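Computed from a predicted model, the values in this text were never measured in an experiment.
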Amino acid sequence: MDAIKLHNSLKPGPPVPFKPIEAGKISWYACGPTVYDQSHLGHARNYVSTDIIRRILRDYFGFQVKFVMNITDIDDKIIIKARRQRLLDVEKKKGHSEEKVNELAKAAFQAYAKSNLPLLLVEDGPELDTNNYIQRRDAAYGSVLAGGTLTGEGKPGDNEAKLKMHISNMTQAVIAINKNSVFGMADEILLPYLDSLHKETIDTSDQTIFTDLTQYMEKEFTDDMDNLNVLRPDVITRVTEYVPQIADFVERLVQKGFAYEAEGSVYFDIAAFEKAGNPYARLKPESRNDKALQEDGEGSLSKNLGGKKGSGDFALWKKSKAGEPYWPSPWGNGRPGWHIECSVMASDVLGGQMDIHSGGIDLAFPHHDNELAQSEAYYCEGGHEHHWVNNFLHMGHLSISGSKMSKSLKNFQTIKDALASTYTARNMRIVFLMGRWNDGVEISPDMRAAADSWESTVNNFFVNTKALIFEARGTASAINSQIKNISVVDGPAEGLAADLEQAKRDTEAALVNSFDTPAVMRAIGEVIRKANIHIGEHKSDADLKSLEATARWATKIIGILGLDANARAPYDGLGWVSAAAAANLEPAAAVAPYKAVYETVKKDVQALNLPNSDGITSLLTQNPDEESESFAKAGNRDPEQLAYPYLLGVSKLRDELRRIAPTAAPDAKKSILTLSDRIRDFDLTNLGVYLDDRPDEPSLIKFIPTSELIAAREEKAAQAAAKAQAKEEARLARERAEAERWEKAKVKPEEMYKTGEAAEKYSEWDGEGMPTKLKDGSEVPKSQLKKLKKDHDKQKKAYGEWLTKFGGAAS
């Protein structure tokens, strides 16, 4: 096996060799979530991609991975959200009149515009209000709403996404104010306004204001990760559980001369760090003077903290202001800075050096660069550089319309909503696997279609291969004897065996090349494509040994990639693991549903009392229990294999019923076909089994998820119902048309121009009822007479048909 190479952000460029500190072991710290809101698809991209790499290192390369992840349960975003929600709750309980609430909303409306959408405010003009808002909005920000940029140049990005968010909040507030429904509908503008008025009134000695929020959101995050089949961390650390250690860490940096206290806060001294011979901003040197990124890293509550020596110096410890939580420290009451938390927690669990540190690419600067600086300052001796992290892995972010998916931009779909409406966990992971973990990705319809196609191809291959293998072996003894040596290839690999060996080589080359999962997905898809061609071309002489070896290899790689939530290492099964198999039931319990169906079908076939059917009689005497028990005695716990003898018994009975049906008496034939359909569409469908009827061959038994089969059955029923409804509607339409035809036909031809609308046009008629004069007394034009005569002749014929059919006079 070649040495692993990976993209290391500390060494920009092509992948570099990966060598763990301790052979066979990997220490890994991942930046976890800030738990103040629901997780979205951007988080899924980060944590699923991280999980994929972790699984590959553990299950493919065999490393013992110690995976640590933090939970940020106190920071500016958490403080602001929790505090604002408390203030809103207090405001709601004041029992304001409707007029007072609207006054509050209008003041908030003005404040929000001034802070976030200043172009709405016109100097020396009327005050912005709900009446002129739309006009001003469209005039000031129409280009952004139309999908352009504020300046009219370049492509829209984060700034435009943020403007759209603010515009949406303002528009919603206008609707709320006009509807007198401010609370609930206009919260986005109310919350910051109430915070600006009353934030200092909150008693933050009661930290449940914050912990109630973070504990709830942490559980929501954990549930999301479980639903995405993301492995749980080996160790979880939380900031609020590490505050004393953080204060000690900061104090050590002050003592070493790498940090200083100013007005109750403590800052990292970048100049002192670099003077000692240590580089700063190693991950993103081009961003070290980016004021916007620096301010974002400090947090919105830290804008007015003063006393910095250098503009880039960052807070290690923040003096708490009124309305903020606090802990005691040598510098007074305060709270940890954002960056210091990871340094302390990672070092506490993993020590002074680690193999891997990971997170989203947006954390590279300033968060990770600041982590590196303060940690290396803490551990360095005599001013010499210390390598705290050997490999930094940064996951590419997920974008929407050119802007990263972000809670702060509110341009996201939550993981819960996505799993409920748009994705399955497997499908989402396939989408991420089709892109490099360190590349940014914008999910497109083509990407979704490719993922769906790949999944469908793999599903069908597993289903068909398993069905062919089970059919060919037929007995427990045959399966158990062949399964042990399935991966052994006798002699030089040829055909499918050679294709499989190539897929293995391609997969390993991809995985050692910085976990190139797109190449792995292509390798799996290509070997399955060739296997499917082989199945199509070899109906009766397929190379089942190579087919099964291919299916088992694909199952293993797919398991390693985390695509099967029911599978467990070493992933040596065949195809997706069913829920029943994952439950690891005792054999008797596992086969009970299948045995029950077999017994029911057997009894119903006997009840048909079919005459002269030796085939049916013979099948009814067979005993599937012996075969199933033989599987179990051999140590087989796969419910599908244990159940196969019962399913084979049902399938053979149904095949025999279908064989004799054409020659049976009409009543017996109807009963046979009804039972046959019920067995296929209900008895077996409800077990996740599909019988693929083949002409002149026994039905092929296929295991397909019950939900898919039931959905297909319901769709078929819906289509049949729609067809029946359309047929009935067509019949009724024909009847209506026929009735209208005869109703028109029973009118005597001599009366047709003397009744209804026609009578209003004419004043005289001849003996046959043909009009001669118009209403004004003028002669009917010859051009009209020709058409009138033609219609008159048609009616004479129709009237004659009516007389013949109904045998009476016109009414």
Side-chain angles (χ1 to χ4, degrees), residues 30-48 50-51 68-93 165 169 183-185 187-188 190-192 194-195 198-199 201-233 235-243 246 299-301 320 323-327 335-336 338 341-342 345 359-360 405-421 425 428:
C31 276
T34 300
V35 284
Y36 73 97
D37 207 341
Q38 294 289 343
S39 299
H40 54 65
L41 289 185
H43 298 110
R45 158 67 167 160
N46 179 14
Y47 296 113
V48 169
T50 300
D51 182 70
V68 184
M69 187 183 77
N70 78 298
I71 298 290
T72 297
D73 58 352
I74 195 69
D75 86 332
D76 288 24
K77 293 184 178 70
I78 292 169
I79 294 168
I80 290 171
K81 179 162 185 177
R83 188 174 67 196
R84 287 178 175 179
Q85 191 58 53
R86 176 63 62 90
L87 288 170
L88 183 61
D89 292 341
V90 170
E91 202 67 28
K92 288 178 179 178
K93 292 176 182 177
M165 177 193 70
N169 291 341
F183 289 135
M185 288 186 66
D187 288 356
E188 293 297 338
L190 275 178
L191 289 168
L194 292 174
D195 198 48
H198 308 300
K199 61 187 176 184
T201 66
I202 295 292
D203 178 12
T204 53
S205 63
D206 175 14
Q207 293 192 358
T208 59
I209 297 173
F210 311 104
T211 57
D212 286 350
L213 171 65
T214 57
Q215 289 170 8
Y216 175 79
M217 286 302 174
E218 180 181 341
K219 183 180 183 305
E220 291 287 285
F221 169 79
T222 301
D223 289 345
D224 285 341
M225 294 301 104
D226 288 347
N227 290 333
L228 291 175
N229 195 32
V230 170
L231 296 170
R232 291 195 177 189
V235 180
I236 293 177
T237 61
R238 298 174 184 83
V239 179
T240 54
E241 297 170 358
Y242 270 85
V243 176
I246 290 172
S300 58
L301 297 180
S320 288
E324 298 176 6
Y326 56 86
W327 287 264
R335 55 191 176 86
W338 176 32
E341 64 181 63
C342 290
M345 293 186 288
M405 191 175 289
S406 166
K407 290 179 185 178
S408 61
L409 298 179
K410 290 184 171 60
N411 64 342
F412 59 84
Q413 182 181 33
T414 67
I415 293 172
K416 283 182 173 56
D417 287 345
L419 292 179
S421 62
M428 189 185 297

### Message
My understanding is that only residues two or more places apart in sequence, or in another chain, count here; which of them pass side chain to side chain donor-acceptor pair (under 3.5 Å) with Thr240?
### Response
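By the side chain to side chain donor-acceptor pair (under 3.5 Å) rule, Thr240 matches Asp73.
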With a 4.5 Å heavy-atom cut-off, do [X] and [Y] have their side chains touching?
X      : Y      : result
Ile74  : Thr214 : no
Met345 : Val239 : yes
Ile71  : Thr237 : no
Arg84  : Pro192 : yes
Gln207 : Trp327 : yes
Leu228 : Met428 : yes
Phe221 : Met225 : yes
Cys31  : Met69  : no

Taking all non-hydrogen atoms of both residues, which atom of [X] and which atom of [Y] are closest, and how far apart?
X      : Y      : answer
Pro33  : Asn70  : CD-O, 3.8 Å
Gln413 : Ser421 : NE2-OG, 3.7 Å
Thr201 : His198 : OG1-O, 2.6 Å
Asn46  : Gly359 : OD1-C, 4.0 Å
Gly323 : Ile79  : O-CG2, 4.1 Å
Leu194 : Glu91  : CD2-OE1, 3.8 Å

Taking the side chain from [X] and the backbone from [Y], do they hold a donor-acceptor pair closer than 3.5 Å?
X      : Y      : answer
Arg83  : Ile202 : no
Thr414 : Asp417 : yes
Thr34  : Thr72  : no
Asp51  : Leu231 : yes
Asn227 : Asp223 : yes

### Task
Would you please test Ser205 and Tyr326 for side chain to side chain contact (heavy atoms under 4.5 Å, CB included) and show each step?
CA-CA 8 Å; Ser205 63; Tyr326 56 86; 3.5 Å; yes
Is [X] salt-bridged to [Y], going by a charged N under 4.0 Å from an acidic O?
X      : Y      : value
Lys199 : Glu324 : no
Asp89  : Lys93  : no
Asp226 : Arg232 : yes
Asp76  : Arg335 : yes

#### Entry: Candidate pair Ser300 and Lys77, rule side chain to side chain contact (heavy atoms under 4.5 Å, CB included), full reasoning
CA-CA 8 Å; Ser300 58; Lys77 293 184 178 70; over 6 Å; no
### Message
Would you say NZ of Lys219 has more than 12 non-hydrogen atoms from neighbouring residues, nucleotides or ligands within 6.0 angstrom?
### Response
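Not buried by this count: 12 neighbours or fewer within 6.0 Å.
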### Task
Specify whether His40 and His43 have parallel, tilted or perpendicular ring planes, treating 30° as the upper limit for parallel and 60° as the lower limit for perpendicular.
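Judged by the thresholds at 30° and 60°, the geometry between His40 and His43 is tilted.
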What is the distance from atom [atom1] of [X] to atom [atom2] of [Y], rounded to the nearest 0.5 Å?
X      : Y      : atom1 : atom2 : value
Ile80  : Gln85  : CD1   : CD    : 14.0 Å
Asn169 : Leu190 : CG    : CG    : 11.0 Å
Leu301 : Asp75  : CG    : CG    : 8.5 Å
Ile415 : Ser39  : CD1   : OG    : 5.0 Å

### Query
How far apart are the C-alpha atoms of Leu87 and Val90, what are their side-chain angles, what is the distance that settles it, and do they pass the side chain to side chain contact (heavy atoms under 4.5 Å, CB included) test?
CA-CA 5 Å; Leu87 288 170; Val90 170; 5.5 Å; no
### Message
I'd like to check the side chain to side chain contact (heavy atoms under 4.5 Å, CB included) partners of Leu213; sequence neighbours left out, ordered by chain and number.
### Response
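Per chain and number, Leu213 pairs via side chain to side chain contact (heavy atoms under 4.5 Å, CB included) with Tyr36, Ile78, Lys81, Ala82, Met217.
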